[in-house]
Amino acid sequence: MKPAKDKQTERGLTMVESMAAMVIFSLAIVSITPPIIFAMANRVRAHRAEQAMKLAQSEIDRVRLVLERGNGAFNNLNDFVAHLPPSGGDNIEPQQVAAPTPAGASACATPQTQGADEICLVDVNNDGENDFAIQTFRTLSQCLPNTSGDQVPVGFWMGVRVYTKASLDFSGGSLSKEQASLSFSNANTAGSSPLAVRYISIARTSIDSNSLDVYQDLAKKATGDCP
């Protein structure tokens with residue numbers, strides 16, 4: 001027969017001790033889960049913002065190349081202008097161009113098929129699903145006459161705003177033109193604000209002695225005289 005002391009050491013955990021352990025474990029899980037979720041959401045948002053910035057820059061690079069090639073590289077002046085961003089008005093700064101209307105958005109195309117107040121869809125992953133919506137426009141255009149006397153755009157301020165596709169569904173038809181905050185407390189990619197906003201002046205570098213005047217007018221944001 002075993003001593004009473006040995007029987008005491010062979011006892012398992014009581015129900016109260018088991019419940020206390022479960023409560024402590026649950027509290028630990030609850031305390032670390034929200035920071036992990038927010039960190040993951042913030043990481044997703046940062047990745048989306050990076051994609052949006054790359055998309056905006058690629059559109060700027062495309063337009064810069066078109067402008068540098070000039071209208072002589074296209075069939076006619078109208079074809080050249082159609083490869084540039086749509087005009088948002090020559091009497092306002094790019095920041096003043098209104099936010100786009102998401103209704104009727106379709107796949108982005110070149111030549112341009114949408115107006116300055118419209119938006120087009122982009123599939124950056126090539127998976128058949130649209131990821132972003134982009135608004136592009138030009139303002140304060142500067143023009144010079146070609147050999148035929150037609151006024152040809154040689155410089156302008158370009159605006160690019162990139163929204164997530166989810167923004168079009170979330171916004172209910174009303175989008176903002178102010179760039180979204182990337183703060184930890186705003187880790188949502190479905191808001192009404194664009195993830196990327198760029199306003200930049202673009203001008204041809206191969207336009208003889210008038211190039212300096214064009215750059216000066218763009219720097220001053222002077223009103224142009226373009227079609």
Within the structure provided, determine whether [X] and [Y] are in side-chain contact (heavy-atom separation under 4.5 Å).
X: W157; Y: E93; result: no
X: P100; Y: E118; result: no
X: L77; Y: N71; result: yes
X: F80; Y: P153; result: yes

Nearest atoms (heavy-atom pairs only) where S167 meets L175: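 Heavy-atom minimum between the residues: O-CD2, 3.9 Å.
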query: Considering all heavy atoms of both residues, which atom of C120 and which atom of A107 are nearest to each other, and what is their separation?
result: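 Shortest heavy-atom contact: CB-C, 4.1 Å.
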Nearest 0.5 angstrom please: [X] [atom1] to [Y] [atom2], how far?
X: R161; Y: I119; atom1: CZ; atom2: CD1; value: 10.0 Å
X: T136; Y: R198; atom1: OG1; atom2: CZ; value: 14.0 Å
X: R48; Y: L195; atom1: CZ; atom2: CG; value: 8.5 Å
X: K165; Y: F132; atom1: NZ; atom2: CZ; value: 12.5 Å

message: Membership question, hydrophobic clusters at under 4.5 Å side-chain separation (ILVMFWY): are M53 and L55 in the same one?
response: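 No, L55 and M53 fall in different hydrophobic clusters.
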Is the backbone of [Y] close enough, under 3.5 Å, to the side chain of [X] for a donor and an acceptor to pair up by distance?
X: R138; Y: P85; value: yes
X: T110; Y: Q112; value: no
X: Q135; Y: A116; value: yes
X: S176; Y: E178; value: yes

task: Before accepting this row, confirm whether a basic side-chain N of the pair R64/E68 lies closer than 4.0 Å to the acidic partner's carboxylate O.
output: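 Salt bridge flag = no for E68 with R64.
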D123: partners by side-chain contact (heavy atoms from CB on, under 4.5 Å), with sequence neighbours left out: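 Here the qualifying residues are N125, D127, N130, D131.
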field: Pairing residues for R62 by the side-chain hydrogen bond (donor to acceptor under 3.5 Å, both in side chains) criterion, not counting sequence neighbours
entry: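 Counting only residues at least two positions away or on another chain, R62 forms a side-chain hydrogen bond (donor to acceptor under 3.5 Å, both in side chains) with E59.
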